[in-house]
Amino acid sequence: MKFPRALRRFIVGYLALHLFAAGILVVVLTGMARQQMLTAAQDRMRAMTSMLVETINELDGGLENPDLPGYVKSIGDETKMRFTLIQNNGLVVADSITGVRDIGPHGSREEVVMAKLNGTGFSERYSSTLDQPMMYLAQKFTDPAEGKVVGFVRIATPSESINSSIASIQRYVWVFAICLSVVTALLMTLFSAKSMEPLAMFSSAARKIGIGDYQISPSVVRRNDEWGELSEAFQHMQTELTRREETLIENGQRLEAVLSSMIEGVIALEPDGKVMIANGAACEMLSLTRPEIVSKKLLEIVRIPELRTAIENTQKNRTYSETEFKTLTKPQKTLSTRVSILADNNKPGVAVVLHDVTALRQLETIRQDFVANVSHELKTPLASIKAYAETLRLGALHDNEKNEQFVHQIETQADLLNRQIHDLLDLARVESGETNFTLNDVNLNVTCQSCFDQFRVIAEDRNLIFETDFTNPGPIVRADADAMETIVKNLIVNAIHYTQKGGRIRISTRTQNDESIFEVSDTGIGIAIDQQARVFERFYRVDKARSRDMGGTGLGLAIVKHLSQSFGGSVNLQSSLGNGSTFQVRFPTTVSRLKSNS
Ligand code: ADP
(Lines give C-alpha, C1' and ligand atoms only; values in the text may rest on other atoms or scores of the structure.)
Protein backbone atom coordinates (compact mmCIF):
# COMPACT_ATOMS: atom_id res chain seq x y z
CA MET A 1 0.00 0.00 0.00
CA LYS A 2 1.17 3.51 -0.77
CA PHE A 3 1.66 5.41 2.42
CA PRO A 4 -0.02 8.81 2.55
CA ARG A 5 2.56 11.58 2.43
CA ALA A 6 0.90 13.53 5.25
CA LEU A 7 1.09 10.47 7.48
CA ARG A 8 4.74 9.92 6.67
CA ARG A 9 5.49 13.50 7.62
CA PHE A 10 3.50 13.09 10.80
CA ILE A 11 5.45 9.98 11.83
CA VAL A 12 8.83 11.61 11.13
CA GLY A 13 7.71 14.67 13.09
CA TYR A 14 6.46 12.49 15.86
CA LEU A 15 9.81 10.66 16.05
CA ALA A 16 11.75 13.93 16.17
CA LEU A 17 9.48 15.33 18.88
CA HIS A 18 9.67 12.14 20.81
CA LEU A 19 13.46 12.18 20.75
CA PHE A 20 13.55 15.85 21.67
CA ALA A 21 11.27 15.14 24.64
CA ALA A 22 13.45 12.19 25.57
CA GLY A 23 16.51 14.48 25.47
CA ILE A 24 14.87 16.97 27.80
CA LEU A 25 13.85 14.12 30.09
CA VAL A 26 17.39 12.79 30.15
CA VAL A 27 18.80 16.19 31.00
CA VAL A 28 16.23 16.84 33.72
CA LEU A 29 16.39 13.34 35.21
CA THR A 30 20.14 13.08 35.25
CA GLY A 31 20.40 16.61 36.58
CA MET A 32 18.12 15.68 39.45
CA ALA A 33 19.92 12.39 40.08
CA ARG A 34 23.29 14.13 40.08
CA GLN A 35 22.01 16.77 42.42
CA GLN A 36 20.83 14.07 44.82
CA MET A 37 24.11 12.22 44.59
CA LEU A 38 26.01 15.41 45.19
CA THR A 39 23.83 16.25 48.20
CA ALA A 40 24.43 12.78 49.62
CA ALA A 41 28.17 13.08 48.96
CA GLN A 42 28.22 16.54 50.56
CA ASP A 43 26.38 15.20 53.64
CA ARG A 44 28.85 12.39 53.92
CA MET A 45 31.81 14.75 53.47
CA ARG A 46 30.35 17.21 56.00
CA ALA A 47 29.99 14.42 58.57
CA MET A 48 33.62 13.42 58.00
CA THR A 49 34.88 17.02 58.31
CA SER A 50 32.85 17.55 61.49
CA MET A 51 34.29 14.39 62.94
CA LEU A 52 37.83 15.52 62.01
CA VAL A 53 37.25 18.99 63.47
CA GLU A 54 36.14 17.42 66.74
CA THR A 55 39.22 15.19 66.79
CA ILE A 56 41.57 18.12 66.14
CA ASN A 57 39.94 20.14 68.89
CA GLU A 58 40.54 17.31 71.29
CA LEU A 59 44.26 17.09 70.35
CA ASP A 60 46.84 19.03 72.32
CA GLY A 61 47.93 22.06 70.38
CA GLY A 62 45.16 21.64 67.85
CA LEU A 63 46.50 22.20 64.39
CA GLU A 64 50.00 22.45 65.74
CA ASN A 65 49.97 18.87 67.05
CA PRO A 66 52.85 16.99 65.45
CA ASP A 67 50.86 13.75 65.07
CA LEU A 68 48.22 15.43 63.08
CA PRO A 69 49.67 14.82 59.59
CA GLY A 70 50.05 11.13 60.37
CA TYR A 71 46.53 10.94 61.68
CA VAL A 72 45.17 12.74 58.60
CA LYS A 73 47.03 10.37 56.33
CA SER A 74 45.70 7.34 58.17
CA ILE A 75 42.03 8.38 57.94
CA GLY A 76 42.62 9.36 54.28
CA ASP A 77 43.96 5.90 53.55
CA GLU A 78 41.10 4.36 55.47
CA THR A 79 38.29 6.34 53.85
CA LYS A 80 39.93 6.63 50.35
CA MET A 81 39.36 10.34 50.60
CA ARG A 82 41.72 13.23 50.63
CA PHE A 83 41.86 15.31 53.78
CA THR A 84 43.66 18.63 53.87
CA LEU A 85 44.11 20.89 56.88
CA ILE A 86 44.55 24.53 56.04
CA GLN A 87 45.50 27.30 58.36
CA ASN A 88 43.57 30.51 58.50
CA ASN A 89 46.34 32.15 56.46
CA GLY A 90 45.93 29.58 53.71
CA LEU A 91 48.94 27.44 54.44
CA VAL A 92 48.41 23.69 54.35
CA VAL A 93 49.18 21.98 57.68
CA ALA A 94 48.50 18.45 56.60
CA ASP A 95 47.35 16.54 53.52
CA SER A 96 46.41 12.90 53.48
CA ILE A 97 47.65 12.29 49.96
CA THR A 98 50.75 14.36 49.65
CA GLY A 99 51.65 14.10 53.30
CA VAL A 100 53.66 17.26 52.84
CA ARG A 101 53.03 19.99 55.33
CA ASP A 102 53.56 22.76 52.92
CA ILE A 103 52.07 22.21 49.47
CA GLY A 104 51.51 25.85 48.72
CA PRO A 105 48.81 28.19 49.95
CA HIS A 106 45.19 26.88 49.55
CA GLY A 107 43.38 29.90 50.97
CA SER A 108 42.13 31.03 47.56
CA ARG A 109 40.51 27.72 46.67
CA GLU A 110 36.83 28.24 45.90
CA GLU A 111 35.53 25.96 48.65
CA VAL A 112 37.85 27.62 51.21
CA VAL A 113 36.73 31.10 50.22
CA MET A 114 33.08 29.99 50.51
CA ALA A 115 33.77 28.36 53.90
CA LYS A 116 35.31 31.63 55.11
CA LEU A 117 32.06 33.33 54.31
CA ASN A 118 29.46 30.69 55.10
CA GLY A 119 31.22 28.21 57.38
CA THR A 120 31.07 25.53 54.69
CA GLY A 121 32.05 25.64 51.01
CA PHE A 122 31.70 23.16 48.22
CA SER A 123 33.15 23.04 44.73
CA GLU A 124 33.82 20.68 41.87
CA ARG A 125 36.77 20.92 39.54
CA TYR A 126 39.53 19.10 37.87
CA SER A 127 42.45 18.42 40.14
CA SER A 128 45.76 18.80 38.43
CA THR A 129 47.45 17.30 41.49
CA LEU A 130 45.43 14.10 41.24
CA ASP A 131 44.77 14.39 37.54
CA GLN A 132 41.01 13.72 37.82
CA PRO A 133 37.75 15.57 38.53
CA MET A 134 37.19 16.05 42.23
CA MET A 135 34.55 17.30 44.72
CA TYR A 136 35.81 19.51 47.48
CA LEU A 137 34.10 20.42 50.76
CA ALA A 138 35.76 22.84 53.20
CA GLN A 139 34.61 23.63 56.71
CA LYS A 140 36.11 26.22 58.97
CA PHE A 141 36.90 25.38 62.49
CA THR A 142 37.17 27.65 65.43
CA ASP A 143 39.46 27.44 68.48
CA PRO A 144 36.92 26.71 71.21
CA ALA A 145 39.08 28.43 73.84
CA GLU A 146 39.70 31.61 71.93
CA GLY A 147 36.49 31.53 69.84
CA LYS A 148 38.21 32.58 66.59
CA VAL A 149 38.69 30.86 63.29
CA VAL A 150 41.94 29.03 63.15
CA GLY A 151 41.71 27.08 59.94
CA PHE A 152 39.80 24.89 57.55
CA VAL A 153 39.32 21.19 57.09
CA ARG A 154 38.91 20.27 53.50
CA ILE A 155 37.80 16.91 52.26
CA ALA A 156 38.03 15.85 48.62
CA THR A 157 36.70 12.82 46.86
CA PRO A 158 36.73 11.93 43.15
CA SER A 159 33.51 12.82 41.33
CA GLU A 160 34.29 10.04 38.88
CA SER A 161 31.83 7.59 40.46
CA ILE A 162 28.97 10.12 40.35
CA ASN A 163 29.83 11.05 36.78
CA SER A 164 29.97 7.44 35.64
CA SER A 165 26.68 6.67 37.42
CA ILE A 166 25.08 9.64 35.74
CA ALA A 167 26.53 8.62 32.38
CA SER A 168 25.15 5.11 32.71
CA ILE A 169 21.75 6.49 33.80
CA GLN A 170 21.83 8.71 30.73
CA ARG A 171 22.70 5.75 28.53
CA TYR A 172 19.84 3.69 29.89
CA VAL A 173 17.35 6.50 29.58
CA TRP A 174 18.46 7.22 26.01
CA VAL A 175 18.27 3.57 25.00
CA PHE A 176 14.86 3.31 26.59
CA ALA A 177 13.63 6.53 24.93
CA ILE A 178 14.94 5.53 21.49
CA CYS A 179 13.45 2.04 21.79
CA LEU A 180 10.18 3.54 22.92
CA SER A 181 10.19 6.00 20.01
CA VAL A 182 10.99 3.33 17.43
CA VAL A 183 8.43 0.90 18.81
CA THR A 184 5.78 3.62 18.99
CA ALA A 185 6.59 4.76 15.45
CA LEU A 186 6.44 1.19 14.22
CA LEU A 187 3.16 0.56 15.97
CA MET A 188 1.83 3.81 14.66
CA THR A 189 2.95 2.93 11.11
CA LEU A 190 1.34 -0.48 11.31
CA PHE A 191 -1.82 0.93 12.77
CA SER A 192 -1.96 3.69 10.21
CA ALA A 193 -1.24 1.27 7.37
CA LYS A 194 -4.05 -0.92 8.57
CA SER A 195 -6.47 1.91 9.09
CA MET A 196 -5.51 3.54 5.78
CA GLU A 197 -6.08 0.32 3.83
CA PRO A 198 -9.51 1.40 2.47
CA LEU A 199 -7.98 4.64 1.24
CA ALA A 200 -6.38 2.86 -1.74
CA MET A 201 -9.73 1.42 -2.69
CA PHE A 202 -11.44 4.79 -2.39
CA SER A 203 -8.73 6.56 -4.34
CA SER A 204 -8.92 3.99 -7.18
CA ALA A 205 -12.71 4.21 -7.16
CA ALA A 206 -12.56 8.02 -7.22
CA ARG A 207 -10.09 7.90 -10.14
CA LYS A 208 -12.47 5.68 -12.12
CA ILE A 209 -15.40 7.93 -11.33
CA GLY A 210 -13.23 10.81 -12.56
CA ILE A 211 -13.01 9.19 -16.01
CA GLY A 212 -16.72 8.53 -16.07
CA ASP A 213 -16.85 4.90 -14.91
CA TYR A 214 -19.66 5.04 -12.38
CA GLN A 215 -20.34 1.34 -12.52
CA ILE A 216 -17.39 0.30 -10.33
CA SER A 217 -18.36 -1.28 -7.04
CA PRO A 218 -15.79 -0.70 -4.28
CA SER A 219 -16.38 -3.41 -1.69
CA VAL A 220 -18.22 -1.88 1.17
CA VAL A 221 -16.10 -1.07 4.18
CA ARG A 222 -18.08 -2.63 6.97
CA ARG A 223 -16.66 -0.69 9.87
CA ASN A 224 -18.22 1.30 12.55
CA ASP A 225 -15.86 4.19 12.10
CA GLU A 226 -15.28 7.11 9.74
CA TRP A 227 -14.25 4.72 6.95
CA GLY A 228 -17.59 3.03 7.24
CA GLU A 229 -19.31 6.40 7.02
CA LEU A 230 -17.15 7.39 4.07
CA SER A 231 -17.94 4.11 2.36
CA GLU A 232 -21.64 4.76 2.78
CA ALA A 233 -21.26 8.33 1.54
CA PHE A 234 -19.24 7.03 -1.41
CA GLN A 235 -21.89 4.54 -2.36
CA HIS A 236 -24.55 7.18 -2.07
CA MET A 237 -22.48 9.45 -4.31
CA GLN A 238 -22.08 6.62 -6.86
CA THR A 239 -25.78 5.92 -6.93
CA GLU A 240 -26.49 9.61 -7.31
CA LEU A 241 -23.88 10.04 -10.05
CA THR A 242 -25.17 6.98 -11.91
CA ARG A 243 -28.70 8.32 -11.68
CA ARG A 244 -27.63 11.74 -12.88
CA GLU A 245 -25.60 10.26 -15.71
CA GLU A 246 -28.57 8.17 -16.76
CA THR A 247 -30.77 11.26 -16.64
CA LEU A 248 -28.19 13.17 -18.67
CA ILE A 249 -27.95 10.37 -21.24
CA GLU A 250 -31.72 10.12 -21.37
CA ASN A 251 -32.04 13.88 -21.83
CA GLY A 252 -29.31 13.79 -24.46
CA GLN A 253 -31.10 10.98 -26.28
CA ARG A 254 -34.39 12.82 -26.10
CA LEU A 255 -32.75 15.98 -27.40
CA GLU A 256 -31.06 13.95 -30.15
CA ALA A 257 -34.37 12.31 -31.05
CA VAL A 258 -36.17 15.64 -31.15
CA LEU A 259 -33.41 17.29 -33.17
CA SER A 260 -33.11 14.45 -35.65
CA SER A 261 -36.85 14.30 -36.20
CA MET A 262 -37.00 18.00 -37.03
CA ILE A 263 -37.19 19.03 -40.64
CA GLU A 264 -35.65 22.36 -39.67
CA GLY A 265 -31.91 22.45 -39.44
CA VAL A 266 -30.70 23.35 -35.95
CA ILE A 267 -27.15 24.43 -35.14
CA ALA A 268 -26.00 25.58 -31.71
CA LEU A 269 -22.86 27.69 -31.67
CA GLU A 270 -20.49 28.34 -28.78
CA PRO A 271 -19.58 31.97 -28.09
CA ASP A 272 -16.44 31.57 -30.23
CA GLY A 273 -18.51 30.32 -33.16
CA LYS A 274 -17.68 26.64 -32.83
CA VAL A 275 -20.50 24.23 -33.57
CA MET A 276 -21.80 22.54 -30.42
CA ILE A 277 -24.74 20.70 -31.88
CA ALA A 278 -25.90 20.25 -35.44
CA ASN A 279 -28.83 18.04 -36.34
CA GLY A 280 -29.08 15.86 -39.44
CA ALA A 281 -31.33 18.29 -41.28
CA ALA A 282 -28.80 21.13 -40.83
CA CYS A 283 -25.96 18.95 -42.14
CA GLU A 284 -28.06 17.91 -45.12
CA MET A 285 -29.06 21.48 -45.94
CA LEU A 286 -25.45 22.63 -45.86
CA SER A 287 -24.30 19.47 -47.71
CA LEU A 288 -21.89 18.58 -44.91
CA THR A 289 -21.41 15.57 -42.67
CA ARG A 290 -21.56 15.90 -38.91
CA PRO A 291 -17.80 15.33 -38.32
CA GLU A 292 -17.12 18.04 -40.90
CA ILE A 293 -19.10 20.58 -38.91
CA VAL A 294 -19.13 19.69 -35.18
CA SER A 295 -16.44 21.48 -33.12
CA LYS A 296 -15.43 23.55 -36.14
CA LYS A 297 -16.09 27.24 -36.60
CA LEU A 298 -19.29 27.42 -38.65
CA LEU A 299 -18.38 30.58 -40.51
CA GLU A 300 -15.05 29.09 -41.59
CA ILE A 301 -16.84 26.13 -43.17
CA VAL A 302 -19.90 27.91 -44.50
CA ARG A 303 -18.65 31.16 -45.96
CA ILE A 304 -21.95 32.96 -46.46
CA PRO A 305 -21.81 36.73 -45.79
CA GLU A 306 -25.54 36.93 -44.91
CA LEU A 307 -25.14 34.24 -42.28
CA ARG A 308 -22.05 35.93 -40.83
CA THR A 309 -23.89 39.25 -40.56
CA ALA A 310 -26.92 37.62 -38.92
CA ILE A 311 -24.77 35.81 -36.32
CA GLU A 312 -22.67 38.89 -35.54
CA ASN A 313 -25.74 41.13 -35.26
CA THR A 314 -27.42 38.65 -32.94
CA GLN A 315 -24.37 38.49 -30.68
CA LYS A 316 -23.91 42.24 -30.71
CA ASN A 317 -27.51 43.33 -30.21
CA ARG A 318 -28.57 40.32 -28.11
CA THR A 319 -31.69 39.91 -30.15
CA TYR A 320 -32.61 37.69 -33.03
CA SER A 321 -31.87 38.12 -36.73
CA GLU A 322 -33.50 36.68 -39.78
CA THR A 323 -31.93 36.25 -43.15
CA GLU A 324 -32.20 34.20 -46.30
CA PHE A 325 -29.29 32.96 -48.36
CA LYS A 326 -28.44 30.64 -51.18
CA THR A 327 -25.92 27.88 -50.52
CA LEU A 328 -22.77 27.67 -52.57
CA THR A 329 -23.28 23.95 -53.07
CA LYS A 330 -24.78 22.12 -56.03
CA PRO A 331 -27.74 21.79 -56.23
CA GLN A 332 -28.14 25.26 -54.83
CA LYS A 333 -30.57 25.60 -51.95
CA THR A 334 -32.34 28.61 -50.55
CA LEU A 335 -32.26 28.63 -46.76
CA SER A 336 -34.31 30.90 -44.60
CA THR A 337 -32.46 31.42 -41.32
CA ARG A 338 -33.32 32.65 -37.88
CA VAL A 339 -30.46 33.29 -35.45
CA SER A 340 -31.22 33.77 -31.77
CA ILE A 341 -29.30 34.10 -28.51
CA LEU A 342 -28.48 30.85 -26.76
CA ALA A 343 -27.27 31.95 -23.33
CA ASP A 344 -26.99 35.16 -21.41
CA ASN A 345 -23.31 35.70 -20.76
CA ASN A 346 -20.74 38.20 -21.98
CA LYS A 347 -20.33 36.87 -25.50
CA PRO A 348 -23.26 34.56 -25.93
CA GLY A 349 -23.60 31.50 -28.08
CA VAL A 350 -26.32 31.44 -30.71
CA ALA A 351 -28.86 29.02 -32.12
CA VAL A 352 -29.24 28.94 -35.88
CA VAL A 353 -32.47 27.49 -37.25
CA LEU A 354 -32.53 26.77 -40.97
CA HIS A 355 -35.59 26.23 -43.17
CA ASP A 356 -35.15 24.88 -46.66
CA VAL A 357 -37.34 27.18 -48.72
CA THR A 358 -35.88 26.14 -52.07
CA ALA A 359 -39.12 24.53 -53.27
CA LEU A 360 -41.15 27.46 -52.00
CA ARG A 361 -38.97 30.00 -53.78
CA GLN A 362 -39.03 27.89 -56.96
CA LEU A 363 -42.80 27.76 -56.77
CA GLU A 364 -42.92 31.50 -56.33
CA THR A 365 -40.68 31.93 -59.37
CA ILE A 366 -42.85 29.53 -61.35
CA ARG A 367 -45.96 31.39 -60.27
CA GLN A 368 -44.46 34.74 -61.24
CA ASP A 369 -43.27 33.34 -64.57
CA PHE A 370 -46.66 31.78 -65.08
CA VAL A 371 -48.50 35.03 -64.51
CA ALA A 372 -46.09 36.82 -66.85
CA ASN A 373 -46.50 34.08 -69.48
CA VAL A 374 -50.27 33.99 -69.24
CA SER A 375 -50.50 37.76 -69.56
CA HIS A 376 -48.18 37.71 -72.52
CA GLU A 377 -49.96 34.78 -74.22
CA LEU A 378 -53.41 36.27 -73.75
CA LYS A 379 -52.27 39.70 -74.81
CA THR A 380 -51.08 38.50 -78.22
CA PRO A 381 -54.47 37.36 -79.65
CA LEU A 382 -56.19 40.24 -77.86
CA ALA A 383 -53.83 42.73 -79.52
CA SER A 384 -54.65 41.18 -82.91
CA ILE A 385 -58.39 41.35 -82.23
CA LYS A 386 -58.07 44.97 -81.16
CA ALA A 387 -56.00 45.86 -84.22
CA TYR A 388 -58.48 44.22 -86.64
CA ALA A 389 -61.44 45.82 -84.88
CA GLU A 390 -59.78 49.25 -85.03
CA THR A 391 -59.02 48.80 -88.72
CA LEU A 392 -62.65 47.91 -89.32
CA ARG A 393 -63.82 50.91 -87.32
CA LEU A 394 -61.55 53.25 -89.18
CA GLY A 395 -63.08 52.35 -92.57
CA ALA A 396 -62.32 48.78 -93.49
CA LEU A 397 -65.84 47.87 -92.38
CA HIS A 398 -67.08 49.20 -95.67
CA ASP A 399 -64.31 47.62 -97.69
CA ASN A 400 -66.10 44.59 -99.01
CA GLU A 401 -62.89 42.88 -100.00
CA LYS A 402 -61.22 43.07 -96.61
CA ASN A 403 -63.97 43.31 -94.03
CA GLU A 404 -64.83 39.63 -94.21
CA GLN A 405 -61.15 38.70 -94.02
CA PHE A 406 -60.67 40.91 -90.93
CA VAL A 407 -63.74 39.55 -89.22
CA HIS A 408 -62.44 36.05 -89.96
CA GLN A 409 -59.11 36.99 -88.37
CA ILE A 410 -60.93 38.34 -85.32
CA GLU A 411 -62.81 35.07 -85.11
CA THR A 412 -59.58 33.05 -85.40
CA GLN A 413 -57.82 35.06 -82.70
CA ALA A 414 -60.90 34.87 -80.48
CA ASP A 415 -60.90 31.09 -80.98
CA LEU A 416 -57.24 30.96 -80.01
CA LEU A 417 -57.95 33.07 -76.96
CA ASN A 418 -60.83 30.84 -76.10
CA ARG A 419 -58.72 27.70 -76.53
CA GLN A 420 -55.95 29.17 -74.44
CA ILE A 421 -58.31 30.04 -71.61
CA HIS A 422 -59.98 26.69 -71.94
CA ASP A 423 -56.65 24.85 -71.87
CA LEU A 424 -55.44 26.94 -68.97
CA LEU A 425 -58.52 26.14 -66.93
CA ASP A 426 -58.23 22.45 -67.81
CA LEU A 427 -54.60 22.42 -66.82
CA ALA A 428 -55.31 24.24 -63.57
CA ARG A 429 -58.08 21.77 -62.73
CA VAL A 430 -55.88 18.75 -63.51
CA GLU A 431 -52.98 20.13 -61.49
CA SER A 432 -55.13 20.97 -58.49
CA GLY A 433 -56.77 17.52 -58.60
CA GLU A 434 -60.20 19.10 -58.83
CA THR A 435 -61.18 17.41 -62.06
CA ASN A 436 -63.92 14.88 -61.54
CA PHE A 437 -62.69 11.97 -63.62
CA THR A 438 -64.93 9.03 -64.29
CA LEU A 439 -62.60 6.11 -64.06
CA ASN A 440 -63.25 3.20 -66.37
CA ASP A 441 -61.23 0.50 -68.04
CA VAL A 442 -60.24 2.33 -71.18
CA ASN A 443 -59.04 0.34 -74.12
CA LEU A 444 -56.22 2.30 -75.71
CA ASN A 445 -56.94 0.80 -79.10
CA VAL A 446 -60.49 2.20 -78.97
CA THR A 447 -59.37 5.67 -77.91
CA CYS A 448 -56.54 5.84 -80.42
CA GLN A 449 -58.78 4.56 -83.23
CA SER A 450 -61.44 7.19 -82.43
CA CYS A 451 -58.86 10.00 -82.51
CA PHE A 452 -57.32 8.57 -85.65
CA ASP A 453 -60.73 8.67 -87.32
CA GLN A 454 -61.26 12.31 -86.25
CA PHE A 455 -57.96 13.49 -87.76
CA ARG A 456 -57.66 11.23 -90.77
CA VAL A 457 -59.19 13.76 -93.18
CA ILE A 458 -57.08 16.62 -91.86
CA ALA A 459 -53.92 14.55 -92.10
CA GLU A 460 -54.72 13.41 -95.60
CA ASP A 461 -55.46 17.02 -96.62
CA ARG A 462 -51.92 17.80 -95.61
CA ASN A 463 -50.53 14.91 -97.62
CA LEU A 464 -49.44 12.98 -94.58
CA ILE A 465 -49.26 9.25 -94.32
CA PHE A 466 -51.43 8.57 -91.32
CA GLU A 467 -51.42 5.04 -89.94
CA THR A 468 -52.01 2.89 -86.89
CA ASP A 469 -50.28 -0.15 -85.48
CA PHE A 470 -52.31 -1.61 -82.66
CA THR A 471 -51.50 -4.60 -80.54
CA ASN A 472 -54.22 -7.18 -80.02
CA PRO A 473 -55.84 -7.38 -77.52
CA GLY A 474 -55.81 -3.68 -76.85
CA PRO A 475 -54.06 -2.45 -73.65
CA ILE A 476 -56.47 -1.49 -70.90
CA VAL A 477 -55.90 1.54 -68.72
CA ARG A 478 -57.90 2.58 -65.67
CA ALA A 479 -58.65 6.17 -66.68
CA ASP A 480 -61.22 8.73 -67.71
CA ALA A 481 -62.09 8.06 -71.36
CA ASP A 482 -62.49 11.77 -72.28
CA ALA A 483 -59.21 12.69 -70.62
CA MET A 484 -57.49 9.82 -72.40
CA GLU A 485 -58.88 11.10 -75.69
CA THR A 486 -57.54 14.60 -74.91
CA ILE A 487 -54.06 13.12 -74.36
CA VAL A 488 -54.10 11.25 -77.66
CA LYS A 489 -55.63 14.16 -79.58
CA ASN A 490 -53.07 16.68 -78.31
CA LEU A 491 -50.23 14.44 -79.45
CA ILE A 492 -51.84 13.82 -82.87
CA VAL A 493 -52.50 17.56 -83.37
CA ASN A 494 -48.86 18.32 -82.62
CA ALA A 495 -47.64 15.57 -84.93
CA ILE A 496 -49.81 17.01 -87.74
CA HIS A 497 -48.64 20.58 -86.98
CA TYR A 498 -44.96 19.79 -86.92
CA THR A 499 -44.64 17.29 -89.78
CA GLN A 500 -44.01 18.47 -93.31
CA LYS A 501 -46.09 17.37 -96.25
CA GLY A 502 -45.39 13.81 -97.33
CA GLY A 503 -44.38 12.89 -93.81
CA ARG A 504 -45.61 9.93 -91.83
CA ILE A 505 -47.55 9.79 -88.58
CA ARG A 506 -48.08 6.54 -86.78
CA ILE A 507 -50.22 5.75 -83.76
CA SER A 508 -49.34 2.50 -82.07
CA THR A 509 -50.29 0.62 -78.95
CA ARG A 510 -48.60 -2.22 -77.10
CA THR A 511 -48.26 -3.90 -73.75
CA GLN A 512 -44.85 -4.33 -72.17
CA ASN A 513 -43.85 -5.44 -68.66
CA ASP A 514 -47.31 -4.86 -67.22
CA GLU A 515 -47.50 -1.47 -68.84
CA SER A 516 -49.99 -0.22 -71.37
CA ILE A 517 -48.23 1.95 -73.89
CA PHE A 518 -49.26 4.05 -76.79
CA GLU A 519 -47.00 6.07 -79.02
CA VAL A 520 -47.51 8.89 -81.51
CA SER A 521 -44.51 9.11 -83.77
CA ASP A 522 -43.87 11.36 -86.71
CA THR A 523 -41.17 12.11 -89.23
CA GLY A 524 -41.52 15.84 -88.63
CA ILE A 525 -39.14 18.62 -87.67
CA GLY A 526 -38.08 16.97 -84.41
CA ILE A 527 -36.99 18.67 -81.19
CA ALA A 528 -33.39 19.42 -80.19
CA ILE A 529 -32.16 17.45 -77.15
CA ASP A 530 -31.75 20.55 -74.95
CA GLN A 531 -35.37 21.56 -75.61
CA GLN A 532 -36.92 18.17 -74.96
CA ALA A 533 -37.52 18.57 -71.24
CA ARG A 534 -38.84 22.08 -71.65
CA VAL A 535 -41.58 21.37 -74.20
CA PHE A 536 -43.68 19.95 -71.33
CA GLU A 537 -43.60 23.34 -69.54
CA ARG A 538 -46.60 25.65 -69.89
CA PHE A 539 -46.37 27.99 -72.87
CA TYR A 540 -42.97 26.70 -73.90
CA ARG A 541 -42.66 26.57 -77.64
CA VAL A 542 -39.60 25.80 -79.69
CA ASP A 543 -40.77 28.06 -82.47
CA LYS A 544 -43.35 30.54 -81.15
CA ALA A 545 -44.41 31.98 -84.52
CA ARG A 546 -44.93 28.58 -86.07
CA SER A 547 -46.92 27.41 -83.04
CA ARG A 548 -49.20 30.45 -83.24
CA ASP A 549 -49.65 30.08 -86.95
CA MET A 550 -50.77 26.57 -86.26
CA GLY A 551 -53.20 27.84 -83.66
CA GLY A 552 -51.15 26.24 -80.85
CA THR A 553 -51.69 27.43 -77.29
CA GLY A 554 -48.36 26.19 -75.93
CA LEU A 555 -50.24 24.18 -73.33
CA GLY A 556 -50.92 20.93 -75.17
CA LEU A 557 -47.94 18.92 -73.88
CA ALA A 558 -48.33 20.28 -70.35
CA ILE A 559 -51.92 18.97 -70.39
CA VAL A 560 -50.69 15.61 -71.76
CA LYS A 561 -48.14 15.31 -69.02
CA HIS A 562 -50.49 16.20 -66.14
CA LEU A 563 -53.39 14.11 -67.39
CA SER A 564 -51.10 11.09 -67.82
CA GLN A 565 -49.80 11.53 -64.32
CA SER A 566 -53.37 11.67 -63.02
CA PHE A 567 -53.79 8.04 -64.14
CA GLY A 568 -50.40 6.91 -62.84
CA GLY A 569 -48.75 7.29 -66.21
CA SER A 570 -45.77 9.13 -67.66
CA VAL A 571 -44.72 10.68 -70.97
CA ASN A 572 -41.40 10.09 -72.72
CA LEU A 573 -40.02 11.90 -75.68
CA GLN A 574 -37.51 10.56 -78.13
CA SER A 575 -36.52 12.98 -80.82
CA SER A 576 -33.69 14.59 -82.64
CA LEU A 577 -33.73 17.77 -84.68
CA GLY A 578 -34.93 17.12 -88.23
CA ASN A 579 -35.60 13.44 -87.65
CA GLY A 580 -39.09 13.35 -86.24
CA SER A 581 -40.38 12.72 -82.73
CA THR A 582 -41.92 9.86 -80.80
CA PHE A 583 -44.10 10.65 -77.79
CA GLN A 584 -44.58 7.55 -75.68
CA VAL A 585 -47.20 7.42 -72.92
CA ARG A 586 -47.08 4.53 -70.43
CA PHE A 587 -49.70 3.48 -67.90
CA PRO A 588 -49.82 0.62 -65.45
CA THR A 589 -51.96 -2.23 -66.91
CA THR A 590 -54.65 -4.30 -65.31
CA VAL A 591 -53.74 -7.56 -67.11
CA SER A 592 -56.92 -9.46 -66.24
CA ARG A 593 -58.96 -6.87 -68.06
CA LEU A 594 -57.17 -7.12 -71.36
CA LYS A 595 -59.75 -7.53 -74.07
CA SER A 596 -59.67 -8.10 -77.75
CA ASN A 597 -61.09 -4.91 -79.13
CA SER A 598 -58.97 -3.69 -81.94
P1 ADP B 1 -48.26 24.06 -79.02
O2 ADP B 1 -49.64 24.44 -78.82
O3 ADP B 1 -47.35 25.17 -79.30
O4 ADP B 1 -48.11 22.90 -79.91
P5 ADP B 1 -47.49 22.16 -77.07
O6 ADP B 1 -47.39 22.21 -75.61
O7 ADP B 1 -48.38 21.14 -77.61
O8 ADP B 1 -47.81 23.59 -77.57
O9 ADP B 1 -46.03 21.91 -77.61
C10 ADP B 1 -45.01 22.67 -77.15
C11 ADP B 1 -43.93 22.82 -78.21
O12 ADP B 1 -43.31 21.57 -78.44
C13 ADP B 1 -44.44 23.23 -79.51
O14 ADP B 1 -44.57 24.61 -79.62
C15 ADP B 1 -43.41 22.68 -80.46
O16 ADP B 1 -42.39 23.59 -80.60
C17 ADP B 1 -42.93 21.45 -79.76
N18 ADP B 1 -43.57 20.21 -80.29
C19 ADP B 1 -44.64 19.55 -79.81
N20 ADP B 1 -44.91 18.44 -80.50
C21 ADP B 1 -43.98 18.37 -81.46
C22 ADP B 1 -43.73 17.46 -82.53
N23 ADP B 1 -44.47 16.39 -82.74
N24 ADP B 1 -42.69 17.73 -83.34
C25 ADP B 1 -41.92 18.82 -83.16
N26 ADP B 1 -42.11 19.72 -82.17
C27 ADP B 1 -43.13 19.51 -81.35
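Order of appearance sets the numbers: ligands from 1, and atoms from 1 within every ligand.
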Practice item. List the steps and the verdict of side chain to side chain contact (heavy atoms under 4.5 Å, CB included) for L573 and S581. Key: CA-CA 7 Å; L573 167 60; S581 315; 4.1 Å; yes
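Pocket lining of ligand 1, defined as residues with a non-hydrogen atom under 4.0 Å away: N494, A495, Y498, D522, I525, G526, I527, V535, Y540, R541, V542, D543, S547, G552, T553, G554, L555, G556, L557, S581, F583.
A cation-pi arrangement is present between R338 and Y320, with the terminal nitrogen or guanidinium carbon under 6.0 Å from the aromatic centre and inside a 45° cone about the axis. In this structure, R546 is not positioned above the aromatic face of Y498 in the sense of NZ or CZ being under 6.0 Å from the six-membered ring centre and within 45° of the axis.
For E270 and K297, the salt-bridge test fails: no basic side-chain N is under 4.0 Å from an acidic carboxylate O. Taking 4.0 Å as the cut-off between side-chain N and carboxylate O, K489 and E485 count as a salt-bridged pair.
At least one side-chain heavy atom of Y540 sits less than 4.5 Å from a side-chain heavy atom of Q531.
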